[in-house]
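Please read the structure below before turning to the comments.
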Amino acid sequence: MSRHSVASASRTSFFQKIMSACLDSSSPDSGKGRSKSSTKKLSHGFQLVEGKSGHDMEDYHVAEYRKIKNHELGLFAIFDGHLGDRVPSYLKDNLFVNILHESNFWEDPKTAIKNAYKKTDRFILENSMQLGTGGSTAVTAIVIDGKDLWVANVGDSRAVVCERGCANQLTVDHEPHTERKRIEKQGGFVTTLPGDVPRVNGQLAVARAFGDQSLKAHLSSEPDVRHVPIDSTMEFVILASDGLWKVMQNQEAVDLVKPIKDPQAAAKRLTTEALARKSKDDISCIVIRFG
């Protein structure tokens, strides 16, 4: 996806104020953390690498923990922006706040996540003068008490779990050619030029995203949401932007980091390999280890 640099909006993050973080970051672009719970072990590491496509870094991440209503939540996300970084910056600070503020989150997480995605997208569009007309993909993961994993996504950032040593993709890549009928029904079109990927109205390489005001009549912000009970067969989850997945298959990524117990070292290994495979996009990766 093409990107252009736009200065970040200055704001005080309500999300950062209310978070109880457990991070040990060596830099803003890499770090690791561990759940504070002594009974449900959970650890993570992350690595973000700016691409070589001639634009400023437009990927953002969340990797934090919070205790609420006697539950411990692990909150993880990758936001991959395009046409400016204001939208993913807003998502970083506010999407989880909006999800957790849904009154039915504890009773019906799936509906709460879908409602929050929709409301967040509406706010971005209504405030395009401040946030810009660009957009962002997203993959989010919420771990509740180390027992339940809720994953959601719009766009082509992806979540892959290692289960009994095998890669299992938990998200759906929202590519234009797979949603051609919906896009055309809404008055848009999908083009594929020689040597290029399918694009909505000849512009955007994903069929779902936050923002993108000029294309919104033909784009969706409806997330795919999946619930996975965490059991002993699940070793870790990889969340990553398409800068990784463009050059690496799911099983390749799992096999690469399976022997690496330190999740930060695992995330760094993935980004290093993606660079070695000539990925030119921004590369963002979070590895979450269970148990």
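In this chain, numbering begins with 1 at the start of the sequence shown.
Checking each of T140, V62, I78 against L239 for a side-chain contact (heavy atoms from CB on, under 4.5 Å) leaves exactly one that passes, namely I78. Tested against S221 for a side-chain hydrogen bond (donor to acceptor under 3.5 Å, both in side chains), the candidates D212, D121, T120 yield a single pass: D121.
Within the structure, every pair that satisfies the ring pair (Phe, Tyr, Trp, His ring centres under 6.0 Å) test and touches residues 123-147, not counting sequence neighbours, is listed here: Y90-F123. Applying the ring pair (Phe, Tyr, Trp, His ring centres under 6.0 Å) test to residues at least two apart or on different chains, the pairs with a partner in residues 182-215 are Y117-F210.
In this structure, the side-chain contact (heavy atoms from CB on, under 4.5 Å) partners of I68, at least two apart in sequence or on a different chain, are R66, L73, W106. Listed by chain and number, the residues in a side-chain contact (heavy atoms from CB on, under 4.5 Å) with P109 are F105, W150 (sequence neighbours excluded). A search for side-chain contact (heavy atoms from CB on, under 4.5 Å) contacts involving K278 returns nothing, not counting sequence neighbours. With sequence neighbours left out, E126 forms a side-chain contact (heavy atoms from CB on, under 4.5 Å) with R122. Under the ring-ring contact (aromatic ring centres under 6.0 Å, His included) criterion, F76 pairs with H44, Y65, sequence neighbours left out. E235 pairs by the side chain to side chain donor-acceptor pair (under 3.5 Å) definition with nothing, not counting sequence neighbours. Q249 meets the side chain to side chain donor-acceptor pair (under 3.5 Å) test with no other residue; sequence neighbours excluded. For the salt bridge (Lys or Arg N to Asp or Glu O under 4.0 Å) test, no residue two or more places apart in sequence or in another chain qualifies with E175. For D231, the side chain to side chain donor-acceptor pair (under 3.5 Å) test picks out T233, with sequence neighbours left out. Shown here are the side chain to side chain donor-acceptor pair (under 3.5 Å) partners of S214, two or more places apart in sequence or in another chain: there are none.
For K268, the NZ atom is loosely surrounded, since the number of other residues' heavy atoms within 6.0 Å does not exceed 12.
R277 contributes a side-chain N or O that, together with a main-chain N or O of V247, makes up a donor-acceptor pair within less than 3.5 Å. Looking only at distances, a side-chain donor or acceptor of S279 sits under 3.5 Å from a matching main-chain atom of G243. Between the side chain of Q186 and the backbone N or O of A217 there is at least one donor-acceptor pair closer than 3.5 Å. Between the K147 side chain and the P229 main chain, no donor and acceptor come within less than 3.5 Å of each other. D29 places no side-chain N or O within donor-acceptor distance of the main-chain N or O of Q47, the cut-off being under 3.5 Å. Side-chain N or O atoms of N153 include none that pairs as donor or acceptor with a backbone N or O of D173 at under 3.5 Å.
At least one side-chain heavy atom of L256 sits under 4.5 Å from a side-chain heavy atom of L270. Side-chain atoms of D196 and T191, non-hydrogen and from C-beta on, never get closer than 4.5 Å to each other. Residues I260 and F236 fail the side-chain proximity criterion, which asks for heavy atoms closer than 4.5 Å. Proximity of Q203 to H218: side-chain heavy atoms (C-beta onward) are nowhere separated by under 4.5 Å.
The existence of a salt bridge linking R182 and E222 is excluded, since no basic side-chain nitrogen approaches an acidic carboxylate oxygen closer than 4.0 Å. Classification of D156 and K246 as a salt-bridged pair fails, no side-chain N sitting under 4.0 Å from a carboxylate O.
The nearest pair of heavy atoms linking V254 to A167 is CG2-CB, 3.6 Å.
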